[in-house]
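Predicted, not measured: the structure shown is a model, and the values here were computed from it. One-based numbering along the sequence shown.
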Amino acid sequence: GDGRWWLAPSCRSNRRCLPCITGSSDGKWAIYPVEIMQKAAIWRMPLALGVAHYNGSSAFKELVMTYRDVLFMFWAPSVEFIEISPVFVRFPNFNF
């Protein structure tokens, strides 16, 4: 990446990546970045992962609402993004 985005293996060579944003409420800990990176690598998803500050009215919300063609990590149930009609990305169940 460029120091701001983590690029999944499937988009590193051609740089055709889908932006994916996760949040950080304190600037130190992001919401599930390792899980997102693992799934992107295993499922060959061409993601560029970025972390944006989130505190209810923040850079995270502004990015998601402005650029509506991004994947974003958020929790359910939440009505915060209902106006953009988000769609869940579901993965197959896994075994322990």
- Task: Report yes if the side chains of M37 and L47 come closer than 4.5 Å at any heavy-atom pair, otherwise no.
- Result: no

- So, for A52 and A59, which heavy atoms are closest and what is the spacing to 0.1 Å? CB-C, 4.2 Å

- Hydrophobic cluster membership, W43 vs V34, 4.5 Å side-chain cutoff: yes

- How many angstroms lie between atom NE2 of H53 and atom CD of E62, to the nearest 0.5 angstrom? 13.5 Å

- Message: Can you give me the closest heavy-atom contact between S24 and A30, atom names plus distance?
- Response: CB-CA, 4.2 Å

- Message: My understanding is that only residues two or more places apart in sequence, or in another chain, count here; which of them pass side chain to side chain donor-acceptor pair (under 3.5 Å) with E35?
- Response: K39

- Can you list the residues that meet the ring-ring contact (aromatic ring centres under 6.0 Å, His included) rule with F74, with sequence neighbours excluded? Y54, F60, F81

- Is there side-chain contact between L18 and M45, with heavy atoms separated by less than 4.5 Å? no

- Only one of V51, L49, I36 passes side chain to side chain contact (heavy atoms under 4.5 Å, CB included) with W6; say which it is. L49

For residues 82-94, dump all side-chain donor-acceptor pairs below 3.5 Å to protein atoms at least two apart in sequence or in another chain.
none

- Query: Considering residues, nucleotides and ligands other than R12, do more than 12 of their heavy atoms fall under 6.0 Å from its CZ?
  - Reply: yes

